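The block underneath contains the structure these notes are about, expressed in structure tokens.
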Number of protein chains: 2
Amino acid sequence: MNTSLPPSGLSIAAVERDTGLAKDTLRVWERRYGFPAPARDSNGERVYPADQVDKLRLIRRLIDQGLRPAKLIGLEPTALSELLGGLGTAQPSADPARSAQFETILKFVRLHLHEDLRRSLQQLLMKLGLQRFVGEVLAPLNMMVGDAWLRGELEVPEEHLYTEQVQNLLRAAISSQAAASAGRPRVLLTTFPDEQHALGLLMAEAMMVPEGACCISLGTQTPLDDIRNAARAGRFDIVAVSFSAAFPARLALDGLRSLREGLGPDTGLWVGGAGITGQARKLPNVQVFASIDELPEALRSWREAHPAPDRA
Amino acid sequence: MNTSLPPSGLSIAAVERDTGLAKDTLRVWERRYGFPAPARDSNGERVYPADQVDKLRLIRRLIDQGLRPAKLIGLEPTALSELLGGLGTAQPSADPARSAQFETILKFVRLHLHEDLRRSLQQLLMKLGLQRFVGEVLAPLNMMVGDAWLRGELEVPEEHLYTEQVQNLLRAAISSQAAASAGRPRVLLTTFPDEQHALGLLMAEAMMVPEGACCISLGTQTPLDDIRNAARAGRFDIVAVSFSAAFPARLALDGLRSLREGLGPDTGLWVGGAGITGQARKLPNVQVFASIDELPEALRSWREAHPAPDRA
DNA sequence: ATTCATATTTTGTCCTGGACAAAATGTTGA
DNA sequence: TCAACATTTTGTCCAGGACAAAATATGAAT
């Protein structure tokens with residue numbers, strides 16, 4: 001039941017897409033470390049065997065976790081997998097019942113039981129309310145899904161399925177609560193270019209809308225200049241940006257500093273997500289959230305510091 | 001109110017991100033056509049002035065429309081803009097009242113009046129019902145937004161704003177109608193890798209769910225093999241794939257042929273979107289939709305051809 | 001005149017191997 | 001513990017040659 005004859009390996013462009021490693025990087029690794037060592041087709045072009053691509057994927061994930069290529073490239077795939085396994089960060093929930101529930105949900109994801117997945121999430125949402133649902137369920141679940149993905153226990157379709165279902169749930173819940181347009185503060189949400197993960201944004205929105213904030217999301221991947229311009233033109237009080245674990249911290253810091261300058265001093269810059277936590281002290285005048293639970297409290301503080309104007 | 005001193009131009013990587021033109025392509029154009037002609041920094045690296053990047057963006061859009069680089073690179077930006085203007089495809093709606101309504105909505109997008117935008121879309125949705133809303137409002141509106149974007153009348157944030165609002169509306173509407181899990185047929189929706197546009201998928205879902213189909217969306221960018229595997233494992237009756245205008249037709253055709261083979265003969269392959277219309281005859285055994293309006297009828301035909309089994 | 005097969009041009013991607021700056025790490029001294 | 005400096009690691013850039021796939025032009029045959 002194989003596909004066909006020739007494609008017994010991937011081109012360098014395909015490997016770039018699959019692993020996220022730039023063509024230049026693939027070539028320079030080969031030159032320096034002797035790995036990967038792709039075959040060549042009749043045309044002298046690289047043809048990467050599947051097992052080397054798998055190993056590259058593992059290496060990529062470990063690099064994203066902060067390890068360095070030279071230490072990884074020589075290792076066996078099994079050793080790499082072990083490293084990956086040791087890196088799981090999600091500590092099991094304190095509440096064993098809740099913890100078991102999460103395992104069940106993860107099982108639904110693994111088995112593509114979208115209907116069961118939808119139903120269990122929906123029930124939890126109904127039971128806990130939007131804010132607690134995000135803080136107590138989605139936050140840890142995301143970590144678990146992320147860890148599972150890291151160690152290769154989940155494939156692309158499973159991850160997509162989870163994301164879609166959560167997105168549906170959150171968008172519906174947010175729509176139904178949409179605050180009056182006069183809500184305060186006015187918050188602009190988005191991510192930087194190259195950051196595709198929309199869940200963080202939605203979760204933030206779900207935390208803030210019930211507090212009466214007026215949230216406008218631009219979705220993912222807004223160029224820096226456009227964020228600045230949109231924030232000014234729309235007279236927003238706060239710009240909120242989210243970063244997933246894979247986002248290079250360097251890019252985030254540079255971009256945030258530049259954005260911080262571009263926004264007026266009256267506009268708050270709130271950021272969060274695994275890609276940025278712990279960088280707080282390097283970001284003056286930027287509010288860095290270690291956990292999404294802090295958002296409601298932060299909103300309340302903002303309100304105290306910015307009493308509503310008399311009324312226009 | 002400029003940013004700072006040094007960045008009076010973009011690096012080749014930044015231009016790649018901004019224009020979608022590969023670094024190799026940028027360098028080879030420079031070598032062959034003498035354009036772009038970037039300055040060099042102290043390090044000998046290319047620094048592209050903003051006006052050249054703007055022209056590159058125009059060229060890129062025209063190439064996506066089927067024109068060829070050699071004919072474009074010599075032209076003045078004004079001439080390029082004219083070409084772009086002549087390419088608008090959306091003929092004004094037959095109904096003048098409706099047409100005026102669309103213009104109003106577009107104005108809201110342009111002015112970032114998210115609240116008004118949301119309200120007008122919501123009203124139309126309520127008035128027309130989900131299916132007619134998608135077919136009679138969103139389809140033409142998408143064309144208008146696409147055209148405006150093409151000729152540079154809309155920027156990134158406006159386009160994002162529109163997409164987000166529509167997505168919120170559609171997801172909420174779909175959730176509220178979600179069919180019983182036993183719905184037929186079982187439809188798997190997704191896009192190919194490198195295709196980021198999710199609206200087509202949502203619109204398709206919105207057309208099918210009210211007909212009682214059981215739709216599972218994987219969101220955008222699922223690798224081909226994963227689509228095949230997911231379709232088999234989930235015993236889907238139909239796989240639906242959508243292509244935006246910018247998607248290279250070649251990639252779409254190749255991918256679809258390969259996917260067609262990979263799916264069993266009992267699984268339907270339904271495709272649509274501006275990137276694929278008109279290619280129908282090159283795709284045997286693939287159902288190509290010229291308009292999203294055809295979906296409900298196609299579902300009914302499918303049901304006739306596949307009478308429900310006795311009941312398990 | 002339309003379709004089909006074959007030449008020609010255009011165009012994007014790949015190649016090698018050298019270079020260099022930014023980031024990470026190691027070292028030293030307060 | 002922190003700061004300043006030296007060293008290594010690492011990713012990205014460059015030039016300029018090559019080639020195959022796509023697009024177009026040319027010609028033959030229906």
Side-chain angles (χ1 to χ4, degrees), chain A residues 6 9-17 19-48 56 59-60 62-74 194 246-255 257 279 281-282, chain B residues 6 9-17 19-48 56 59-60 62-74 194 247-255 279 281-282:
Chain A
L10 301 183
S11 72
I12 195 170
V15 175
E16 176 179 65
R17 264 211 329 262
T19 64
L21 296 164
K23 297 187 193 65
D24 271 329
T25 305
L26 290 167
R27 284 192 277 254
V28 88
W29 281 7
E30 182 179 342
R31 203 194 313 168
R32 284 189 190 140
Y33 313 118
F35 182 89
R40 300 294 179 127
D41 66 7
S42 59
N43 194 25
E45 307 197 341
R46 292 169 172 81
V47 177
Y48 294 83
L56 284 170
I59 293 176
R60 169 65 205 268
L62 285 163
I63 289 177
D64 283 345
Q65 298 304 303
L67 306 195
R68 313 209 59 194
K71 314 227 167 194
L72 300 171
I73 280 190
D194 293 331
F247 198 88
R250 187 73 210 314
L251 275 182
L253 291 174
D254 281 359
R257 289 199 195 99
Q279 314 279 331
R281 50 176 208 149
K282 299 182 196 163
Chain B
L10 302 182
S11 72
I12 194 169
V15 176
E16 176 179 65
R17 264 210 330 261
T19 64
L21 296 164
K23 297 193 214 9
D24 271 328
T25 304
L26 290 167
R27 284 193 277 254
V28 89
W29 280 8
E30 183 179 341
R31 201 195 315 165
R32 284 189 188 140
Y33 312 119
F35 182 89
R40 301 295 178 128
D41 66 8
S42 61
N43 194 26
E45 306 197 344
R46 292 171 172 80
V47 178
Y48 294 83
L56 284 170
I59 293 176
R60 170 63 206 270
L62 285 163
I63 288 177
D64 283 345
Q65 298 303 304
L67 305 195
R68 313 208 60 192
K71 314 227 166 192
L72 300 171
I73 279 190
D194 294 330
F247 198 90
R250 189 72 210 314
L251 274 182
L253 291 174
D254 280 0
Q279 314 279 329
R281 50 174 209 151
K282 298 182 196 163

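The figures here come from the full heavy-atom set of this structure, side chains too, leaving out hydrogens, waters and symmetry mates. Fair warning: this is a prediction, and the values are worked out from it, not measured in the lab.
Heavy-atom distances to DNA chain C give each of A:Ala14 and B:Ser42 a nearest nucleotide, and the one nearer the 5′ end belongs to A:Ala14. Remark on DNA chain D: of its neighbouring residues B:Arg68 and A:Ala70, the 5'-side contact belongs to A:Ala70, judged by nearest-heavy-atom nucleotide.
Checking C:dT10, D:dT10, C:dC15 against every side-chain atom of A:Pro69, the shortest atom distance belongs to D:dT10. Nearest nucleotide to the side chain of B:Ile63, out of D:dC13, C:dG12, D:dT10: C:dG12. When the nucleotides C:dC14, D:dC19, C:dC20 are ranked by their closest atom to the side chain of B:Asn43, C:dC20 comes out on top.
A 4.5 Å side-chain heavy-atom check between B:Leu10 and B:Arg17 finds every atom pair outside the cut-off. Put simply, the side chain of B:Ile59 does not reach to within 4.5 Å of the side chain of B:Pro69, judged on heavy atoms.
An OP1 or OP2 oxygen of D:dT10 is reached within less than 4.0 angstrom by a side-chain nitrogen or oxygen of A:Tyr33. Taking side-chain N and O atoms only, B:Thr25 has a distance below 4.0 Å to OP1 or OP2 of C:dT13. A close approach under 4.0 Å does not occur between any side-chain nitrogen or oxygen of B:Ser11 and OP1 or OP2 of D:dT12. Side-chain nitrogen and oxygen atoms of A:Lys23 include at least one within less than 4.0 Å of the OP1 or OP2 phosphate oxygen of C:dC14.
In this structure, A:Glu16 atom CD and C:dC15 atom P are separated by 12 Å, rounded to whole Å. Residue B:Leu67 contributes atom CG, which lies 14 Å from atom C1' of D:dT24 at whole-angstrom precision. Rounded to whole Å, atom C1' of D:dA18 lies 10 Å from atom CD of A:Glu45. Distance, A:Lys71 NZ to D:dT8 C1': 11 Å, rounded to whole Å. Rounding to whole angstrom units, CZ of residue A:Phe35 and C1' of D:dT10 are separated by 17 Å. The separation between A:Trp29 atom CH2 and C:dC15 atom C1' is 20 Å, rounded to whole Å. Separating the CD1 atom of A:Ile59 from the P atom of D:dT9 is a distance of 17 Å, rounded to the nearest angstrom. The interatomic distance linking B:Asp41 (CG) with D:dT12 (P) rounds to 17 Å, in whole Å.
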Under-3.5 Å N/O pairs linking protein and nucleotides 16-19 of chain C:
{"unit_1": "C:dT16", "atom_1": "OP1", "unit_2": "A:Arg40", "atom_2": "NH1", "d": "3.2"}
{"unit_1": "C:dT16", "atom_1": "OP1", "unit_2": "A:Arg40", "atom_2": "NH2", "d": "3.1"}
{"unit_1": "C:dT16", "atom_1": "OP2", "unit_2": "A:Arg46", "atom_2": "NH1", "d": "3.0"}
{"unit_1": "C:dT16", "atom_1": "OP2", "unit_2": "A:Arg46", "atom_2": "NH2", "d": "2.5"}
{"unit_1": "C:dG17", "atom_1": "N7", "unit_2": "A:Arg31", "atom_2": "NH2", "d": "3.1"}
{"unit_1": "C:dG18", "atom_1": "N7", "unit_2": "A:Arg31", "atom_2": "NH1", "d": "2.9"}
{"unit_1": "C:dG18", "atom_1": "O6", "unit_2": "A:Arg31", "atom_2": "NH2", "d": "3.4"}

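In terms of heavy-atom proximity, B:Phe247 sits nearest to B:Ala252 at CE2-N, 3.6 Å. In terms of heavy-atom proximity, B:Leu26 sits nearest to B:Glu16 at CD1-N, 4.2 Å.
A donor-acceptor pair under 3.5 Å is formed between the side chain of A:Asp41 and the backbone N or O of A:Asn43.
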The test is side chain to side chain contact (heavy atoms under 4.5 Å, CB included); show your working for B:Asp64 and B:Arg60 and say whether it passes. CA-CA 6 Å; B:Asp64 283 345; B:Arg60 170 63 206 270; 3.1 Å; yes

Going through the distances and angles, do B:Leu21 and B:Val15 end up as a side chain to side chain contact (heavy atoms under 4.5 Å, CB included)? CA-CA 8 Å; B:Leu21 296 164; B:Val15 176; 6.0 Å; no

